[in-house]
Every structure is written in structure tokens, then in C-alpha cells.
> 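Sharing a structure here in C-alpha cells format.
These numbers come from a predicted model, not from an experiment.
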Amino acid sequence: MDNKQQIADVLSQALGDNILSNIDILNKIEVPKTSDLGDLAFPTFMLAKVMRKAPQQIATDLVEKIDKNNFEKVVAMGPYVNFFLNKEKVGAQILTDILTQQANYGTNNDGENGNVTIDMSSPNIAKPMSMGHLRSTVIGNALANIFSKNGYNPIKINHLGDWGTQFGKLMVAYKLWGSEEEVKKDPINTLVKYYIRFHEEAKENLALDDEGRAWFKKLEDGDQEATKLWKWFRDESLKEFLTIYDELEINFDSFNGEAFYNDKMDQVVKMLTEKGLLVESQGAQIVNLEKYNLPVAMIKRTDGATLYMTRDLAAAMYRKNEYNFVKNLYVVGGEQREHFQQMKAIFKEASYDWADDIEHIPFGLITVNGKKLSTRSGRIILLQDVLDDAIRLAREQIETKNPDLANKENVAKQVGIGAVVFHDLKNERVNSFDFALEEVVRFEGDTGPYVQYSHARAQSILRKAGNPDLTTTNLVISDASAWDTIKILGDFPNIVRRALRDREPSVIAKYALNLSRAYNKYYANSRILAEDNELLARLGLVKAVAIVLTESLRMLGVHAPNEM
RNA sequence: GUCAGGCUAGCUCAGUUGGAUAGAGCAACGGUCUUCUAAACCGUAGGUCAUGAGUUCGAAUCUCAUGCUUGACACCA
């Protein structure tokens with residue numbers, strides 16, 4: 001914000017000598033808690049010692065010397081110098097920027113078009129998508145949009161869990177208790193049933209686990225029957241996943257899952273051997289990471305089969321080659337922190353300079369009654385059920401609130417899914433939460449539908465006004481009650497950068513709520529469609545709010561319907 | 001046991017780089033629709049920022065210790 005710079009400049013000038021550098025002053029300027037304390041403020045505490053004066057006195061003296069021409073007013077309030085910006089001038093500039101740049105407002109080119117690979121969603125084949133996968137999916141999708149808004153080129157990779165011992169187990173279960181007919185009727189649910197039964201029986205019959213491992217080994221060795229079963233399970237599962245992704249309107253640049261790297265494992269082993277990192281321990285091949293204060297990483301099991309780590313190493317090398325990423329992100333639950341630390345450490349140890357570009361983006365887990373979700377134990381919340389419930393409730397809401405609405409079904413989808421997605425993104429990623437349907441599909445208060453509703457009302461006003469062309473309008477608004485909203489609008493470019501810096505979609509979600517709150521307050525207390533000479537300027541504000549809310553929601557992967 | 005998170009209103013959470021009186025939403029209570037969509041707005045009430053020490057002009061924020069809690073800790077992912 002160059003208002004800040006402007007203030008730093010007048011302060012530098014007033015302070016004279018080299019007491020504080022311009023940049024130091026700039027860094028000290030803060031935003032007061034409430035707007036009656038001004039728009040920006042400079043605390044004088046740190047000058048007290050050098051100037052040997054009380055902070056209050058320093059503030060008063062500074063105000064005397066400052067060039068106040070470009071501000072509404074500059075006042076000393078205790079130890080602070082408080083700056084009130086010229087609301088009409090600054091406000092008109094912000095609104096003009098938004099109306100001319102439209103959806104590009106807030107976009108920057110910090111990323112210089114660098115490729116960012118994002119490992120996200122990554123559901124396991126033969127298991128239903130649960131609320132847990134929703135997190136990785138929507139966080140990854142929002143981050144992709146945020147990176148893009150900051151000038152990067154995101155590459156969304158769905159690293160499908162289509163390989164691993166669980167397939168061996170599933171094959172054993174299918175061969176013991178399954179039937180082709182049953183699977184065809186309801187693929188995923190049936191496969192899960194087998195999987196759960198396997199784990200129940202494996203508790204009694206320890207040989208089952210060994211058998212599962214053996215079948216997985218057969219699969220890895222290219223056994224015909226194993227391969228055929230695997231492919232069948234995979235195809236059926238993918239079909240179901242795609243319907244959910246369609247509903248969420250999330251797409252991927254790659255579905256290369258774990259199986260894709262089967263033929264790339266040898267390179268990893270070769271590389272680690274050449275670097276002298278691979279050692280044998282208790283019959284298995286491992287990399288020692290004591291140096292990094294991490295447990296050993298297992299690369300090959302005693303039976304020669306590869307592991308999660310081996311495949312992730314292969315995937316990272318492949319991605320570097322294929323995409324030459326500037327950042328390589330993994331949107332994976334926080335419980336896997338150590339795994340990614342290990343992975344990074346291995347690449348560091350192997351002296352790959354891009355090891356530092358690997359970033360784990362952890363998130364908190366979803367529990368039910370405080371307990372972790374688990375397919376094995378059958379404790380699972382199906383994503384499809386939640387989405388269906390949300391859409392149904394949105395539909396009911398529309399019937400009571402706006403029964404004449406056109407496209408009811410479409411809007412119900414946008415609002416219902418919007419509620420679920422927004423709920424998942426509004427809090428800091430790393431927070432865990434206990435699942436409660438009534439929380440997830442709430443439409444009032446700090447929710448997605450609240451933001452959508454704010455936007456819909458803004459659109460409604462613009463419609464009533466006949467959607468006038470506002471590009472050449474004088475956007476000066478003298479009504480001070482519009483100022484809070486305008487100020488928040490002006491903050492959007494900063495917010496976009498902060499969301500990127502912190503890898504936090506919640507920064508955008510919180511911003512959208514703040515903007516909505518400020519706008520709703522303004523809406524409730526001022527009549528926008530009043531016939532006076534500032535009508536068009538006010539419509540410009542409404543339009544700007546609509547643009548920025550739409551763009552915020554878009555980044556989160558949520559629709560902004562024009563009516564609801 | 002080791003390592004890593006978390007602890008702020010009854011509940012769910014905000015609180016950029018330490019700064020002014022710690023803020024929202026939900027729940028509770030009260031008010032506002034003949035005027036732009038009441039999925040909204042306004043008000044009341046609600047706090048020893050887990051505890052103790054330290055650094056600082058100043059700590060919810062930084063350091064250390066303690067407690068409680070969650071997760072990870074090689075042949076799963």
C-alpha cells in the first residue's frame with residue numbers, strides 16, 4: 001500500500017536526521033484497532049530513549065512538523081501519531097482500480113510464471129472418498145488458485161493411492177469371500193466391505209497379513225491375475241471419484257498415482273546406492289537419517305517390495321524432470337509430517353539443490369466424536385452423503401426464502417457445496433475439527449452462504465439499477481459510512497500475497513467474511529438506490545464489492561450465484 | 001520415552017512483523033421487514049488469553065519450565 005510509504009516519507013522528513021531510516025519507519029506503521037483511531041498509525045515509544053522525551057511529547061511534536069496536505073487529518077493521540085486518509089480521494093482511487101481491473105484486481109506477477117506442482121486429493125483406490133479427502137482436495141485446489149493469482153503456474157497432481165500392500169490384502173479378501181457379481185453392483189462399497197472383513201479376520205488369523213503381502217509382491221512382479229484384478233478395482237473406483245470431482249468442479253493436470261512410478265523405482269535405488277546412502281539393516285534397505293534427527297527411512301522391505309517412501313522419492317524426481325518446478329507442494333495431513341521431513345532430508349543428503357523447494361502443506365484431521373476416521377474400522381463419513389445433505393438443506397432453504405427463484409436446483413448445489421467447502425477452508429489449515437453435520441451445512445453467520453448472500457444482494461441492487469456502465473463514473477463517495485468497506489476492498493492485493501506467503505486459504509475466507517460484514521452493515525444503514533448525485537458512485541462501490549467477493553470465492557473454489 | 005502440534009468467552013475460532021479498551025460467529029436475552037433479498041442488521045451479557053518465571057518502555061504474541069491434550073515414531077499409506 002503506498003499510503004504507508006507516503007506516511008513513512010512525511011515522517012522521515014519531519015524527523016529530520018538519521019534517527020530512524022525510512023524503511024524502519026515504514027515497518028513500524030500499523031493499522032489501529034478501530035477506525036476512530038485513524039487509518040494508519042505510528043507509535044513513538046522507540047524514539048523516547050534516543051530523543052530523551054516522553055512518547056506523548058514526541059507524537060505531539062511530530063504532528064506539528066508533519067506535512068498534512070495529503071491527509072484528512074493527522075493527530076497525536078497519546079504516544080501515537082494517527083493518520084486519517086483522505087477518504088474521498090483514496091476511496092475513489094480504490095474503486096476505480098477495481099472497476100477497471102475487474103477480476104484481475106489483486107493479481108500480481110510475483111511468481112513469474114514458475115511451475116508449482118501440487119500433490120493433492122490423492123484418494124485410495126477401492127475406498128470411498130471421505131471428509132478427510134475433501135480437505136486435501138479443497139485446500140490444494142484453493143492453493144492452486146492462490147498461486148495462480150500470484151503469477152505462478154500451478155500443476156494439480158492427483159497422486160492416486162493405487163498401489164501398495166492394501167491391494168494384496170484386498171485380493172486375498174476378494175478371492176476368499178468375494179464375487180464378481182457383487183462387486184459390479186456397487187463397486188466401492190463392496191470392496192470396502194471385503195477390506196473391513198479382512199482386517200477383522202486378520203486379528204484372529206495372522207497368516208492373512210502374510211498372504212496379503214505375498215499377493216502384493218505378485219502384483220509388483222507383474223503376475224497376470226493380480227494385475228487384472230488391480231486394474232478392475234482401479235477403473236471402478238476412478239469412475240466414482242470423477243463424479244465427485246465434477247460436482248466440486250475441481251480438475252487435475254495429472255492422475256499419475258503410485259502405480260505410475262513402478263518402473264521408476266530402480267532409478268531411486270540406483271541413485272541412493274551411487275550416493276552411498278543406501279544401507280542394509282535387518283534384511284531391509286534403508287537410509288540413515290540420524291544426522292537430521294529423524295528415524296531411518298525404509299526404501300525396500302525384506303522381501304524386496306518397495307514402500308510409500310520409495311514411490312514418493314521417484315515421484316519427486318519425476319516431477320522435477322517433467323515440470324522443473326520452483327516449488328513442489330504436498331497437501332497431506334499433518335500426521336505425515338515426519339515422512340516429508342525424511343523425504344526432504346534424503347534429497348538434501350543426496351545433494352539435490354531443489355530439496356529446499358519441497359514443501360509439506362499439512363492440515364488437521366477430521367474426527368468423529370474425537371476419534372480418528374478409519375476405513376478399516378468402518379468409522380467413516382462419506383463425502384457424497386455430506387454433499388447430498390448440504391444440497392438438500394440448501395434446496396429447502398430456497399423453498400422457504402425465495403420460492404420464485406429460477407434455477408433452484410443449480411443454486412441449491414452452489415450454496416450447499418459452497419457451505420461445505422467454505423467451512424473446510426475458513427479456519428487455519430492445521431486445526432483439527434470434530435465433524436458435526438449441522439456445523440458443516442450451516443447457512444448463517446460466518447459461512448460460505450453468508451458471503452454468497454452478501455454478493456447476491458449486491459447483484460440484486462445492480463440489477464435494479466439497470467446495470468449501468470460505471471467505467472467513466474466519478475467514484476467519489478462523501479458518505480463516511482462507506483469507508484470501512486472501501487478500506488477493506490483496498491486491502492485485497494495484500495491479502496492475496498499473505499494467503500500465498502502463509503499457504504493459507506483461510507486468509508482469503510476470513511477476508512471474504514470481513515468484507516461481507518462491512519458491506520452488510522453499510523447496506524443495512526444506507527439507502528444505496530437513493531436518487532442523488534452520488535448514486536452512481538455508490539453503485540460503483542456495490543459493483544466493486546461484488547467483483548472482489550466473487551474473486552475471493554472463486555479462489556476458494558466456491559460459486560457466487562447472482563440470486564439465491 | 002523421543003519428536004512435533006494445540007491450549008484465548010458456555011461452544012467453534014480470529015488476533016501479519018511484540019503496541020492503544022483482547023475480537024468474530026454460534027448458543028442466550030432484547031430490538032429491526034408498507035422502503036435495495038431478515039441466509040441480514042442493531043443492542044445486552046459473557047475473559048485470570050492453561051499455569052509459573054523471564055526478556056522489554058510494553059507480551060495472547062518472544063524465551064524457559066510445568067500441566068493437560070492430539071499426533072508421529074522402519075517392513076501400512
> So which nucleotide from B:C57, B:A74, B:U37 ends up closest to the side chain of A:F45?
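Looking only at heavy atoms from C-beta outward on A:F45, the closest nucleotide is B:C57.
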> Mind checking if A:T310 touches a base, just sugar-phosphate, or nothing, with heavy atoms under 4.0 Å?
nothing
> Would you kindly compare A:S281 and A:R442 by the position of their nearest RNA chain B nucleotide and give the one closer to the 5′ end?
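By nearest-heavy-atom nucleotide position, the 5'-most residue is A:R442.
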> For the side chain of A:E338, counting heavy atoms from C-beta on, which of B:C75, B:C41, B:A72 is nearest?
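Taking heavy atoms from C-beta onward, the closest nucleotide is B:A72.
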> Nearest whole angstrom, please: distance from the P of B:C76 to the CG of A:D162.
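Nearest whole value for this atom pair: 18 Å.
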> Both distances below 3.5 Å, Watson-Crick or wobble geometry, any strand: find the nucleotide opposite B:A14.
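Its partner: none found.
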> Please state whether the phosphate of B:A74, meaning OP1 or OP2, lies under 4.0 angstrom from any side-chain nitrogen or oxygen of A:K300.
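No, outside the criterion.
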> Looking at every strand, decide which applies to A:E428 at a 4.0 Å heavy-atom threshold: base, sugar-phosphate, or nothing.
sugar-phosphate
> Would you name the heavy atoms of A:A76 and A:V63 that are closest together and state the gap between them?
N-CG2, 3.5 Å
> Could you tell me whether A:P362 contacts a base, only the sugar-phosphate backbone, or nothing, with contacts defined as non-hydrogen atoms closer than 4.0 Å?
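Nothing, no nucleic acid heavy atom in range.
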> Look at all strands and tell whether A:G164 reaches a base, only sugar-phosphate, or nothing, counting heavy atoms closer than 4.0 Å.
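A:G164: backbone/sugar contact only, no base atoms under 4.0 Å.
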> Look at the side-chain N and O atoms of A:R301 and state whether any lies under 4.0 Å from the OP1 or OP2 oxygen of B:C76.
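Yes.
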> Take A:K401 and A:V430, find for each the nucleotide of RNA chain B with the closest heavy atom, and name the residue whose nucleotide sits nearer the 5' end.
A:V430
> Can a donor-acceptor pair be found between the side chains of A:Q336 and A:Y330 at a distance below 3.5 Å?
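Note: A:Q336 and A:Y330 side chains miss the donor-acceptor criterion.
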> Consider only side-chain N and O atoms of A:R517 and A:N520, and report whether a donor and an acceptor are under 3.5 Å apart.
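Absent: no donor and acceptor within the cut-off.
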> Could you check whether the rings of A:Y522 and A:Y519 sit parallel, tilted or perpendicular, using 30° and 60° as the cut-offs?
tilted
> With both distances kept under 3.5 Å, what pairs with B:C57, Watson-Crick or G-U wobble?
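Pairing partner: B:G19.
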> Calculate the interatomic distance between A:M309 atom CE and B:C76 atom P; express it in whole Å.
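Atom CE in A:M309 sits about 14 Å away from atom P in B:C76.
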> B:C57 P sits how many Å from A:K28 NZ, rounded?
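Spelled out: NZ on A:K28 to P on B:C57 is 13 Å.
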> Both distances under 3.5 Å, Watson-Crick or G-U wobble: report the partner of B:G43, or none.
B:C29
> As a test of reading the structure: which of B:C36, B:A77, B:C13 is closest to the side chain of A:L307, going by heavy atoms?
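Selected nucleotide: B:A77.
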> What is the distance, rounded to the nearest whole Å, between atom OH of A:Y523 and atom P of B:U32?
19 Å
> Using a cut-off of 6.0 Å, state whether more than 12 heavy atoms not belonging to A:N293 lie near its atom CG.
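Not more than 12 within 6.0 Å, no.
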> Does any nucleotide pair with B:A38 by Watson-Crick or G-U wobble geometry, both distances under 3.5 Å, and what is it?
none
> Tell me what A:R337 touches on the nucleic acid: a base, only sugar-phosphate, or nothing, going by heavy atoms under 4.0 Å.
sugar-phosphate
> Can you tell me which nucleotide in B:G15, B:C36, B:A24 comes closest to the side chain of A:R517?
B:A24
> Using the ring of each side chain (for Trp, its six-membered ring), is A:F216 parallel, tilted or perpendicular to A:W163, with breaks at 30° and 60°?
perpendicular
> If you measure only the distance, is there a donor-acceptor pair under 3.5 Å linking the side chains of A:N427 and A:S506?
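The criterion, which ignores hydrogens and geometry beyond distance, is not satisfied for A:S506 and A:N427.
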> Determine whether the aromatic ring centres of residues A:H133 and A:F241 are separated by less than 6.0 angstrom.
no
> Does a side-chain N or O from A:R311 land closer than 4.0 Å to OP1 or OP2 of B:A77, or not?
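The answer is yes; a side-chain N or O of A:R311 sits under 4.0 Å from OP1 or OP2.
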> Taking B:U51 as the reference, what is the distance to B:G10 when you measure between their P atoms (whole Å, please)?
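Going atom to atom, P in each nucleotide, I get 14 Å.
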> Nearest whole Å is fine: how far is B:C73 P from A:I286 CD1?
16 Å
> In whole Å, what is the span from the CG atom of A:N431 to the C1' atom of B:U70?
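These atoms are roughly 12 Å apart.
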> With a non-hydrogen cut-off below 4.0 angstrom, is A:Q166 in contact with a base, only sugar-phosphate, or nothing?
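It contacts sugar-phosphate atoms only.
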> Considering residues, nucleotides and ligands other than A:K521, do more than 12 of their heavy atoms fall under 6.0 Å from its NZ?
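No.
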> Within residues 444-456 of chain A, find the residues that approach RNA chain B with a heavy atom at under 4.0 Å, and present them sorted by residue number.
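Result for residues 444-456 of chain A: A:E444, A:G445, A:D446, A:Y450, A:Y453, A:A456, sorted by number.
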> Look at the side chain of A:T302 and the base of B:C75, then say whether one donor and one acceptor between them are separated by less than 3.5 Å.
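Answer is yes: a donor-acceptor pair is held.
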> How far does the P atom of B:A22 sit from the matching atom of B:U48, given to the nearest Å?
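The same atom, P, in both gives a distance of 13 Å.
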> Looking at A:T165, I'd like to know whether one of its side-chain N or O atoms comes within less than 4.0 Å of OP1 or OP2 on B:C76.
yes
